[in-house]
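Labels below follow one simple rule: chain letters A, B, ... track the order of the sequence lines, proteins then strands, and each chain is numbered from 1. Fair warning: this is a prediction, and the values are worked out from it, not measured in the lab.
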Amino acid sequence: GAVVSQHPSRVICKSGTSVKIECRSLDFQATTMFWYRQFPKQSLMLMATSNEGSKATYEQGVEKDKFLINHASLTLSTLTVTSAHPEDSSFYICSAGRQGRGYEQYFGPGTRLTVT
Amino acid sequence: AQSVSQHNHHVILSEAASLELGCNYSYGGTVNLFWYVQYPGQHLQLLLKYFSGDPLVKGIKGFEAEFIKSKFSFNLRKPSVQWSDTAEYFCAVTAEGYQKVTFGTGTKLQVIP
């Protein structure tokens with residue numbers, strides 16, 4: 001159990017276009033999902049916390065107008081990179097949270113975005 | 001806010017050698033601790049976790065970690081590594097009652113056959 005999927009796994013887009021990445025919790029409901037960015041040879045940096053039915057909470061330095069997050073249902077959160085630029089090229093990873101014995105996040109496989 | 005430090009950035013071992021990766025966190029309250037592994041080209045997978053109870057936690061693939069509260073440490077160990085353990089390892093912490101996870105910078109492990 002606790003499987004999280006992401007789609008697409010890889011995407012190449014032209015500078016100035018927008019790209020949408022989906023994150024789904026396949027076998028559990030997640031009121032909270034998280035979006036991370038991972039640069040080469042670096043750790044995961046939290047971009048924002050996505051809350052079902054309400055606005056996302058962005059980390060300091062993350063442009064909310066550039067990285068639009070929607071969490072319309074308990075199993076789906078989307079990240080839209082608007083007006084993408086080459087510097088947005090990165091590995092984007094989502095996770096879905098679930099409360100068990102402790103609070104745990106389950107990670108998706110990631111999406112490799114390349115902006116040309 | 002909590003922080004996590006992993007002192008070893010790149011570790012190279014021969015097969016059958018023992019492994020210990022350091023992880024220290026800074027937070028004054030109760031924490032939940034995790035070790036994740038990311039194999040080349042794959043996504044993050046949970047190796048083991050500590051919420052409460054026995055401070056020696058056993059995970060998958062023969063890994064274990066020990067929570068030493070007095071040292072704010074959660075070091076990862078494996079008595080005998082294999083080539084297939086070549087991967088990047090991330091220590092992570094959440095403050096109890098909070099959802100936000102803070103990751104360490106990661107340790108790249110290279111196991112030489």
Side-chain angles (χ1 to χ4, degrees), chain A residues 1-10 21 23-26 30-52 54 56-62 71 77 91-112, chain B residues 1-11 21 23 25 29-55 57 59-60 67 74 87-110:
Chain A
V3 178
V4 176
S5 70
Q6 276 183 249
H7 178 79
S9 57
R10 291 176 182 271
I21 303 170
C23 176
R24 293 181 186 272
S25 56
L26 298 184
T31 55
T32 307
M33 292 184 173
F34 304 84
W35 287 96
Y36 296 85
R37 187 171 176 176
Q38 186 178 27
F39 291 100
K41 301 182 181 181
Q42 293 188 32
S43 187
L44 281 73
M45 300 299 295
L46 180 65
M47 298 174 65
T49 302
S50 169
N51 302 296
E52 188 267 335
S54 65
T57 305
Y58 290 81
E59 294 299 300
Q60 193 171 10
V62 178
H71 193 158
S77 176
F91 195 51
Y92 293 87
I93 303 171
C94 76
S95 70
R98 189 170 76 170
Q99 183 70 47
R101 191 169 149 229
Y103 189 83
E104 191 171 341
Q105 292 186 24
Y106 298 89
F107 288 84
T111 297
R112 173 74 61 193
Chain B
Q2 62 268 30
S3 65
V4 181
S5 60
Q6 293 180 242
H7 310 295
N8 315 105
H9 298 294
H10 193 183
V11 173
L21 300 182
C23 172
Y25 68 92
T30 303
V31 293
N32 297 323
L33 296 154
F34 307 84
W35 274 99
Y36 290 92
V37 61
Q38 190 173 31
Y39 297 102
Q42 296 190 28
H43 66 281
L44 219 56
Q45 299 174 42
L46 181 67
L47 266 182
L48 47 79
K49 60 192 175 188
Y50 172 81
F51 289 146
S52 63
D54 189 343
V57 179
I60 60 171
F67 171 46
F74 191 56
E88 190 151 16
Y89 294 81
F90 294 94
C91 182
V93 62
T94 62
E96 191 173 70
Y98 292 87
Q99 300 173 347
K100 185 176 170 181
V101 176
T102 301
F103 284 87
T105 51
T107 297
K108 185 160 284 189
L109 171 66
Q110 185 179 356

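- Residues Tyr103(A) and Glu96(B) form no side-chain contact, since every pair of their non-hydrogen atoms from C-beta on lies 4.5 Å or further apart.
- For chain A, the nearby part of Leu46(B) is the side chain; its heavy atoms alone come within less than 4.5 Å.
- Phe90(B) touches chain A through its side chain: at least one heavy atom from C-beta onward sits under 4.5 Å away, while N, CA, C and O do not.
- Here Gln38(B) is the residue among Gln38(B), Gln45(B), Lys108(B) with the most heavy-atom pairs under 4.5 Å with chain A.
- With a threshold of 4.5 angstrom between heavy atoms, Ser52(B) approaches chain A through its backbone and through its side chain.
- Between Leu44(B) atom CG and Tyr36(A) atom OH the span is 9.0 Å, to the nearest 0.5 Å.
- A donor-acceptor distance shorter than 3.5 angstrom exists from the side chain of Ser43(A) to the backbone of Gly104(B), with no hydrogens or angles considered.
- Interface check for chain A: of the options Phe34(B), Tyr98(B), Tyr36(B), Phe51(B), the most heavy-atom pairs under 4.5 Å are formed by Phe51(B).
- For Gln99(A), no part lies under 4.5 angstrom from a heavy atom of chain B.
- Looking at Gln6(B), neither its backbone nor its side chain comes within 4.5 Å of chain A, counting heavy atoms on both sides.
- With a 4.5 Å cut-off on non-hydrogen atoms, Phe34(A) touches chain B through its side chain but not through its backbone.
- The backbone N or O of Gln99(B) sits less than 3.5 Å from a side-chain atom of Gln105(A), completing a donor-acceptor pair.
- The greatest number of non-hydrogen atom pairs below 4.5 Å with chain A, out of His43(B), Lys49(B), Glu88(B), is found for His43(B).
- Heavy atoms from other residues, nucleotides or ligands lying under 6.0 Å from NE2 of His7(A) number 12 at most.
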**OP:** Please assess Lys100(B) against Leu46(A) for the test side-chain contact (heavy atoms from CB on, under 4.5 Å), listing each intermediate value before the final yes or no.
**Re:** CA-CA 9 Å; Lys100(B) 185 176 170 181; Leu46(A) 180 65; 3.6 Å; yes

